[in-house]
S.K.: 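Could you have a look at this structure, given as structure tokens, before my questions?
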Amino acid sequence: MPASETAFIDYYPGGWSEEIHGDDFVEWVYDADPAVFVRLEPSMEGEFAVTPITGVNDRGEEFVTRPLDGLSEEEAFDVAATLVYAINGAIGRVTGVEEFNGDA
């Protein structure tokens with residue numbers, strides 16, 4: 001697993017890239033489909049928002065499942081890590097990756 005360069009996450013799943021765009025603006029992008037990613041960004045009020053993106057349509061609009069906002073910095077990183085691992089596990093299960101299909 002790759003080591004994170006952020007203050008609150010140690011590692012993230014292989015097959016993902018961590019893109020740091022500035023102070024506290026981070027995206028974790030699924031390498032096999034860069035339209036799937038989790039975005040963490042600060043708000044004007046000093047809080048943070050985490051947005052899971054599960055695709056982009058032909059007009060460039062992102063499929064946002066539900067942004068989570070009003071979070072502290074540490075909470076936002078916890079939520080982001082949880083979403084990255086959850087999306088990774090769901091993709092693995094749906095695509096038949098053996099480590100995610102142990103209930104034969």
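The basis for the numbers below is simple: all heavy atoms, side chains too, and nothing from hydrogens, waters or symmetry mates.
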S.K.: Is there a chain of hydrophobic side chains (I, L, V, M, F, W, Y, each step under 4.5 Å between heavy atoms) that links Val84 to Ile20?
M.R.: yes

S.K.: Do you know the tightest heavy-atom contact between Leu71 and Ala76?
M.R.: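 Heavy-atom minimum between the residues: CD1-CA, 3.8 Å.
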
S.K.: side-chain contact (heavy atoms from CB on, under 4.5 Å), that's the test. Do Leu83 and Trp28 meet it? Break it down for me.
M.R.: CA-CA 10 Å; Leu83 286 168; Trp28 291 270; over 6 Å; no

S.K.: Using the ring-ring contact (aromatic ring centres under 6.0 Å, His included) criterion, which residues pair with Phe8? Sequence neighbours excluded.
M.R.: Phe77

S.K.: For atom CD of Glu5, is the number of surrounding heavy atoms from other residues, nucleotides or ligands below 6.0 Å larger than 12?
M.R.: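 No, because the 6.0 Å sphere around CD of Glu5 holds 12 heavy atoms or fewer from other groups.
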
S.K.: Would you say Val26 and His21 make side-chain contact, with heavy atoms under 4.5 Å?
M.R.: no

S.K.: Taking distance alone, no hydrogens or angles, what donor-acceptor pairs closer than 3.5 Å link side-chain atoms of residues 30-42 to residues at least two apart or in another chain?
M.R.:
residue: Asp31; atom: OD1; partner: Ser17; partner atom: N; Å: 3.3
residue: Asp31; atom: OD1; partner: Ser17; partner atom: OG; Å: 2.6
residue: Asp31; atom: OD2; partner: Trp16; partner atom: N; Å: 3.4
residue: Asp33; atom: OD1; partner: Ala35; partner atom: N; Å: 3.1
residue: Arg39; atom: NE; partner: Glu27; partner atom: OE2; Å: 2.8
residue: Arg39; atom: NH1; partner: Glu62; partner atom: OE1; Å: 3.3
residue: Arg39; atom: NH2; partner: Glu27; partner atom: OE2; Å: 3.2
residue: Arg39; atom: NH2; partner: Glu62; partner atom: OE2; Å: 3.0

S.K.: Given 3.5 Å as the limit, does a donor-acceptor pair link the side chain of Asn101 with the main chain of Val97, or not?
M.R.: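 Present.
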
S.K.: Flag the pair Tyr11 / Pro2 as yes when at least one side-chain heavy-atom distance between them is below 4.5 Å, and no otherwise.
M.R.: no

S.K.: To the nearest 0.5 angstrom, please state how far the OG1 atom of Thr6 sits from the CD atom of Glu73.
M.R.: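 The OG1 atom of Thr6 sits 9.5 Å away from the CD atom of Glu73.
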
S.K.: Is the shortest heavy-atom distance from the side chain of Glu18 to the side chain of Tyr12 under 4.5 Å?
M.R.: yes

S.K.: Show me the donor-acceptor pairs within less than 3.5 Å that the side chains of residues 43-56 make with the rest of the protein, sequence neighbours left out.
M.R.:
residue: Ser43; atom: OG; partner: Glu45; partner atom: N; Å: 3.3
residue: Ser43; atom: OG; partner: Glu45; partner atom: OE1; Å: 3.2
residue: Ser43; atom: OG; partner: Glu47; partner atom: N; Å: 3.3
residue: Ser43; atom: OG; partner: Glu47; partner atom: O; Å: 3.2

S.K.: Using the rule given for side-chain contact (heavy atoms from CB on, under 4.5 Å), can you reason through Thr82 versus Val79, listing the C-alpha separation, both sets of side-chain angles and the distance that settles it, and then say yes or no?
M.R.: CA-CA 5 Å; Thr82 299; Val79 168; 5.7 Å; no

S.K.: With a 4.5 Å cut-off on side-chain heavy atoms, are Phe100 and Val94 touching?
M.R.: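 Sidechains of Phe100 and Val94: no contact.
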
